[in-house]
Chemist: 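Questions regarding the structure given below will be posed in turn.
Just so it is clear, the model here is predicted, and its values are computed rather than measured. Counting starts at 1 for both ligands and their atoms, following the listed order.
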Amino acid sequence: MQYDIKQFDELDSTNAQAARENYAHGTIISAAHQSSGRGQRGNRWSSAKGENLMFSLVVEPTHVAVCEQFTLSEMASLASCEALAEMGVECKIKWPNDLYVDGKKIGGILIEHTSQGEFLTRTIVGIGINVNQTTFDPSIPNPTSLKLLAIQSSPTTLLDLFCNKFSSIYDCKELHMQYMKNIWRADDFYPYRDARSGALFQAQITNVDPFTGELTLTTDAGQQKKYWFKEVEVVL
Ligand code: BTN
């Protein structure tokens with residue numbers, strides 16, 4: 001993939017900027033600071049000025065059907081994990097696409113799609129990864145950064161690594177298998193809480209649907225339970 005990196009000192013949100021203009025496939029909008037960084041489910045994404053990587057990649061995945069849109073989530077989270085692995089970090093994907101190291105969140109991904117008919121037309125892949133920030137707002141649960149992991153780097157180095165990884169993943173047939181290999185806590189049984197009923201149970205992640213992202217948990221009694229994002233939470 002050919003990238004065109006547009007670097008801004010300050011934006012409201014790189015995702016918002018990417019949505020405002022008609023940027024071509026492969027454009028990356030990166031900012032040193034966001035005044036209204038967006039997180040998942042309407043949350044804010046706050047990040048100290050100039051310390052972290054914040055960018056949005058514009059792609060035109062016109063070969064991907066709307067019902068298969070989770071593919072883009074897999075690509076983005078896997079490319080981020082692999083970029084961090086190049087720096088010696090063992091990053092895991094907290095389903096569906098949070099980036100975790102040693103049980104702490106190092107980065108997050110916000111993906112926004114546009115579609116026409118059955119197929120996607122444009123996808124904005126927004127990624128924030130903590131690089132040099134060492135103190136965080138107490139309201140942020142469980143944050144970490146490369147610096148806190150004793151790794152010296154810069155947002156631009158990490159962005160370069162991400163671009164290389166994303167290019168090779170974009171057409172990769174093994175994507176889903178690689179995504180599953182990198183899922184956090186898929187190795188054993190862990191405690192989960194059903195968000196609707198509040199019920200606690202032990203289960204193991206046994207599948208993530210490659211097209212919809214639906215999670216399958218198998219309980220220690222062998223029962224399969226299927227969940228959408230935020231319908232279940234892992235008990236830490
Ligand atoms: C999350 O809630 O975990 C997702 C956070 C995504 C943050 C990134 S930073 C770059 C891009 N621009 C935004 O406004 N949000 C995403």
Chemist: Looking at Asn130, Thr144, Asp98, which one forms a side-chain hydrogen bond (donor to acceptor under 3.5 Å, both in side chains) with Lys105?
Modeler: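 Checked Asn130, Thr144, Asp98 against Lys105; only one passes side-chain hydrogen bond (donor to acceptor under 3.5 Å, both in side chains): Asp98.
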
Chemist: What residue and heavy atom of the protein are closest to atom 13 (C) of ligand 1, and at what distance?
Modeler: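 So the nearest neighbour among protein heavy atoms is Gln34 OE1, 3.4 Å.
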
Chemist: Looking only at heavy atoms, is any part of Lys105 under 4.0 Å from ligand 1, and if so is it the side chain, the backbone, or both, or is it neither?
Modeler: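 The side chain, only.
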
Chemist: Under a 3.5 Å threshold, yes or no: a donor from one side chain and an acceptor from the other, between Asp220 and Gln202?
Modeler: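 No, no side-chain donor-acceptor pair sits under 3.5 Å.
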
Chemist: In terms of ring plane angle, is the pair Tyr170 and Phe166 parallel, tilted or perpendicular, where the classes change at 30° and 60°?
Modeler: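 Tyr170 vs Phe166 ring planes: tilted.
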
Chemist: Measuring from the heavy atoms of Asp98, does anything fall under 4.0 Å of ligand 1?
Modeler: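 Asp98 counts as a contact of ligand 1 under the 4.0 Å cut-off.
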
Chemist: Can you report which non-hydrogen protein atom sits closest to atom 5 (C) of ligand 1, along with the distance?
Modeler: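 Answer, as residue, atom name and distance: Trp45 CE3, 3.3 Å.
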
Chemist: Can you tell me how far CD1 of Ile29 sits from CG of Leu57, rounded to the nearest 0.5 angstrom?
Modeler: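 If I round to the nearest 0.5 Å, the distance is 9.5 Å.
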
Chemist: Does Ser36 reach ligand 1 with a nitrogen or oxygen that is under 3.5 Å from one of the ligand's nitrogen or oxygen atoms?
Modeler: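 No - when backbone and side-chain N and O of Ser36 are compared with those of ligand 1, no distance drops under 3.5 Å.
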
Chemist: Report the C-alpha distance between Asn15 and Glu112 in whole Å, list the side-chain angles of each, state the deciding distance to 0.1 Å, and finish with yes or no for side-chain hydrogen bond (donor to acceptor under 3.5 Å, both in side chains).
Modeler: CA-CA 8 Å; Asn15 270 36; Glu112 296 174 299; 2.8 Å; yes

Chemist: Identify, by atom number and element, the atoms of ligand 1 in contact range of Gly37, meaning under 4.0 Å from any of its heavy atoms.
Modeler: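 In order of number, 14 (O).
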
Chemist: Which atoms from ligand 1 have a heavy atom of Phe55 less than 4.0 Å away?
Modeler: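 Every atom of ligand 1 under 4.0 Å from some heavy atom of Phe55: 10 (C), 11 (C).
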
Chemist: Does one side chain, of Ser77 or Ser80, offer a donor that lies under 3.5 Å from an acceptor on the other?
Modeler: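 There is no such pair (donor and acceptor under 3.5 Å, judged by atom type) between the side chains of Ser77 and Ser80.
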
Chemist: Could you check atom 2 (O) of ligand 1 against the protein and tell me its nearest heavy-atom contact, residue, atom and distance included?
Modeler: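 Of the protein heavy atoms, Gln40 N, 2.7 Å lies nearest.
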
Chemist: Going by the order shown, which atoms of ligand 1 are within less than 4.0 Å of some heavy atom of Arg38?
Modeler: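 Once the distances to Arg38 are compared, the set is 5 (C), 6 (C), 7 (C), 13 (C), 14 (O), 15 (N), 16 (C).
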
Chemist: Mark up the atoms of ligand 1 that fall under 4.0 Å of a heavy atom belonging to Thr14, in ascending order.
Modeler: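 So the atoms of ligand 1 that pass are 10 (C), 11 (C), 12 (N).
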
Chemist: Quick test of your reading of the model: are Asp4 and Lys6 salt-bridged, counting only N-O distances below 4.0 Å?
Modeler: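 Looking at Lys6 together with Asp4, the answer is yes, because their closest N to O distance falls below 4.0 Å.
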
